[in-house]
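Note that these values count all heavy atoms, side chains included, but never hydrogens, waters or copies made by symmetry.
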Amino acid sequence: MHAFTLSAVSLLIAQFIVIIGLSRLLGRGVRGLGQPLVIAEVLAGILLGPSLLGWLWPSAMETLFPVSSMPVLKMLSQVGLILFMFLIGLELDPRLLKGRGHASVVISHTSIVVPFALGAGAALWFYPRLSDPSVPFSSFVLFMGVAMSITAFPVLARILTERRLMQSKVGALAITCAAVDDVTAWCLLAFVVSIVRATNLAEAAITTVVALGYIAFMMGAVRPFLARLGARVASREGLNQNVMALTLIMLLASSFATELIGIHALFGAFLFGAIIPKEGGLAEALAEKLEDVAVVLLLPLFFAFSGLRTQIGLLNSTDHWLMCGLIILLACLGKFGGSAVAARLTGSNWREAGAIGILMNTRGLMELIVLNLGLDLGVISPTLFTMMVVMALVTTFLTTPLLRVIYPPEQLALERAVTPAPLTLPTVQPFTLLMCVSHGQAGAGMVTLGRALTAGTEAPGSLYALHLIPPTERASFHLKHTPEPQVEQRAGEAGPMASLLSRAQRTGLEVRPLSFVSAEPGLDICRTAEAKRADLIVLGWHKPLFGQTVLGGTVHEVMSEAAADVAVLVDRGLENVRRVLVPYSGSRHDRAALGLARRLLKGVGAEVTILHVTSPTPQPGRTPARLLVDELFPGASSQVHLKVVANASPEDAVLAEAAQGGYDLMVVGVGAEWGLEGHLFGLQRERLVRDSNLSLLVVRQPKPAAKPATEAALPGTNAPSAEPLRAGGGAP
């Protein structure tokens, strides 16, 4: 039999599929642990390399990653790195470096000097044990110092945003220090690379002088041109293909120039991104154009290439693992210890200082870039490279759990829940509605429903609109989208929240907007509802990517975890709420639906039809349904109609009534009898959603607290009569 072989193009495509697929698959797992995506991408690279795949299945690794394919993989990964470093430069807002005060300067410089000194000092001991004698001692010492000094600016920005710390004192200090650290570390690295590449001291000095001249040229000549280009893009046709082509040519020219100078192409890409003005929208438009290609397509190749160079098997003795542990200890001691002590000495309390130290100890992808440079230049050995990769993984992995210890979610929730308790309890319970807006199409129906539900509120209540922004890996995204209770929209873009607020303003409805970045939408919706004491949560509806149910995914999570009533609005052009259909069979969810119908009747005078579906076989002992209507809707007999239908299929009965009744809205409780059951991944198709042309409001009531056994049963149900209707906080 012939051995299975792939052409060069087929092999490259297969490598792309495996690398990107495994990175994203592992990413879903680490996100569940609260870890940044970079952890998954580094692990994916290591798993595909000799550390696991090459150890368990050597022939598979040789087929997928033959030695002959490594040059192509390396070149493509370098292109990805150039684009990524350009994005890092774009994300670095110079305003972060100004006006932050004495504390940020002291902490950022300390977070460089202390780990640099520890790394350089440790190099004295590591050099004879882990370095080749041909490597100049000065180069080894300088590189170890820089490698210990790196902080991952993009990862830190993401962690701060997801932990709601960006606007706190800790977040402001940490992001400023990381920005200063980023600039300082890359300048130091450029200097170290120039020394390593130089054959003598005079050549190193010439390289340094030329590099400084190049930086001055970029700041003095190129930056003003880019400012004019940005103004032109903002005021005229926008970022067209000609502007994009010019920008990429200048980016590659800058990388080419710094490579010729001797300080590496990555520094040129970073410098070019950093000098592009952040005002006017040019930087943001460029980032949006390039981010997916760089971060999703090309950057995983760099992780795979790094993983193929990481050989855990080289750490084959106790001494090696002790050395690795020592590197991790020194890295944490330098970054965490130095930053925390500096923060404490500049006025922060120990909790804040500890949080800053933990955040500054994040290394992530930036450390891998530095390590690969060192390995390419021959400054560090494969064994030391592997130890440093382990250190980068451990320090990055520790950030989130340690931060949870310093700032537990419970304390953060208490700090964010600033709504004071009322001094006196109102005689009528207020009604608070939380509408979750995820796309513009849901805004119109949400406003109509919100107005109808709150119009009849007798006590002061609140109507909140919550828009959760899905996070990206781009640091500038996290700097822009803060977790403050405000709407964050890109310039000139009408997002879903803006659309809802505009419509609410036209109809005279007062809505309080809430908007922040969330990696856990289901939990954050529940937390926000609890903090705002919401009586009812209204969710929009998306057609699922997988499966058929509209009650899956985030909707299922909210319905399972929320302490308040939850309703899902399936909007099919809801403009008025004049006639409402409520299917009823007796469950607590049906009772919640009746409660909402009663609120609609009180608020906008809606005409309510209750469709009581019974079994074709008579059930003795059941009280007539008319008594239930009279009890729940006293004095409203002209606006409330009861229809009793005997049908073996409740869904058929409801669909038949919906088709001929001229209704605006159907309010229906979750239940198997209506074919509406929440599942995380559902394969069934809910017929009421699929086959009805009505707008639907699918309601779920949480399990009620235990009631005394002496309470009487409500006619027509198994629930106690004293139990209030949870129409979002009690009867109006």
Side-chain angles (χ1 to χ4, degrees), residues 79-100 108 151 153-154 157 175-191 193-194 207-235 238-240 242-291 294-295 366 369 474-480 491:
V79 173
L81 278 185
I82 288 174
L83 293 177
F84 179 75
M85 290 308 300
F86 173 63
L87 290 173
I88 296 298
L90 284 178
E91 292 158 0
L92 186 64
D93 192 338
R95 288 173 294 186
L96 289 173
L97 311 180
K98 298 177 182 179
R100 289 296 190 176
S108 59
T151 292
F153 177 75
I175 200 66
T176 306
C177 294
V180 176
D181 192 304
D182 221 26
V183 174
T184 307
W186 282 104
C187 291
L188 278 174
L189 183 62
F191 174 71
V193 171
S194 68
T207 300
T208 303
V209 171
V210 174
L212 292 175
Y214 180 72
I215 294 173
F217 168 75
M218 294 291 285
M219 297 292 293
V222 179
R223 192 175 191 279
F225 169 76
L226 292 172
R228 292 193 297 272
L229 181 65
R232 181 185 179 92
V233 167
S235 62
L239 186 61
N240 57 32
N242 289 331
V243 176
M244 193 71 196
L246 177 61
T247 305
L248 289 176
I249 289 173
M250 296 177 69
L251 164 62
L252 296 175
S254 179
S255 298
F256 182 68
T258 52
E259 183 70 24
L260 288 181
I261 291 171
I263 55 175
H264 207 280
L266 295 182
F267 184 77
F270 173 76
L271 177 62
F272 182 68
I275 66 172
I276 290 181
K278 304 307 183 283
E279 301 82 11
L282 176 60
E284 184 178 356
L286 287 170
E288 289 182 350
K289 288 276 189 179
L290 295 174
E291 181 187 20
V295 175
M366 310 306 288
I369 295 175
R474 199 168 72 242
S476 59
F477 171 91
H478 299 284
L479 298 180
K480 178 184 175 184

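- A 4.5 Å side-chain heavy-atom check between Leu189 and Val193 finds at least one atom pair inside the cut-off.
- Under a cut-off of 6.0 angstrom, the local environment of CE in Met219 is sparse, with at most 12 non-hydrogen atoms contributed by other residues, nucleotides or ligands.
- Partner Ile215 forms a side chain to side chain contact (heavy atoms under 4.5 Å, CB included) with one of Ile275, Val210, Leu271 and no other, that one being Leu271.
- Considering only heavy atoms from C-beta on, Phe270 stays 4.5 Å or farther from Thr258 through its side chain.
- Residues Gly230 and Leu282 approach most closely at CA-CD2, 3.7 Å, considering heavy atoms.
- With contacts defined as side-chain heavy-atom distances shorter than 4.5 Å, the pair Ile263/Tyr214 does not qualify.
- Checked by atom type and distance alone, the side chain of Ser254 never pairs as donor or acceptor with a backbone atom of Leu251 at under 3.5 Å.
- Atom CG of Leu252 sits about 6.5 Å away from atom CD1 of Ile82, to the nearest 0.5 Å.
- Rounded to the nearest 0.5 Å, atoms OG1 (Thr207) and CG (Leu212) are 11.0 Å apart.
- Closest approach of Val180 to Ser108, counting heavy atoms only: CG1-OG, 3.4 Å.
- Here the closest non-hydrogen pair linking Met244 and Lys289 is CE-CB, 3.9 Å.
- Leu90 and Ala287 get closest at one heavy-atom pair: CD1-N, 3.9 Å.
- Nearest heavy atom pair, residue Pro277 against residue Ala283, reads O-CB, 3.8 Å.
- For the pair Thr247 (side chain) and Val243 (backbone), a donor-acceptor distance under 3.5 Å is present.
- Looking only at side-chain heavy atoms (C-beta outward), Phe225 and Arg228 come within less than 4.5 Å of each other.
- Between Leu226 and Met250, the closest side-chain pair of non-hydrogen atoms falls below 4.5 Å.
- The structure places CZ of Phe267 at 9.5 Å from CH2 of Trp186, a figure rounded to the nearest 0.5 Å.
- With rounding to the nearest 0.5 Å, the separation of CZ in Phe256 from CD1 in Ile261 is 11.0 Å.
- Atom CZ of Phe191 has 12 or fewer heavy atoms from other residues, nucleotides or ligands within 6.0 Å.
- Panel note: side chain Ser255, backbone Gly268; no donor-acceptor pair is recorded below 3.5 Å.
- A heavy-atom distance below 4.5 Å is found between the side chains of Leu290 and Leu248.
- The structure places CD1 of Ile369 at 5.0 Å from CE of Met366, a figure rounded to the nearest 0.5 Å.
- The nearest pair of heavy atoms linking Ala294 to Phe84 is CB-N, 4.4 Å.
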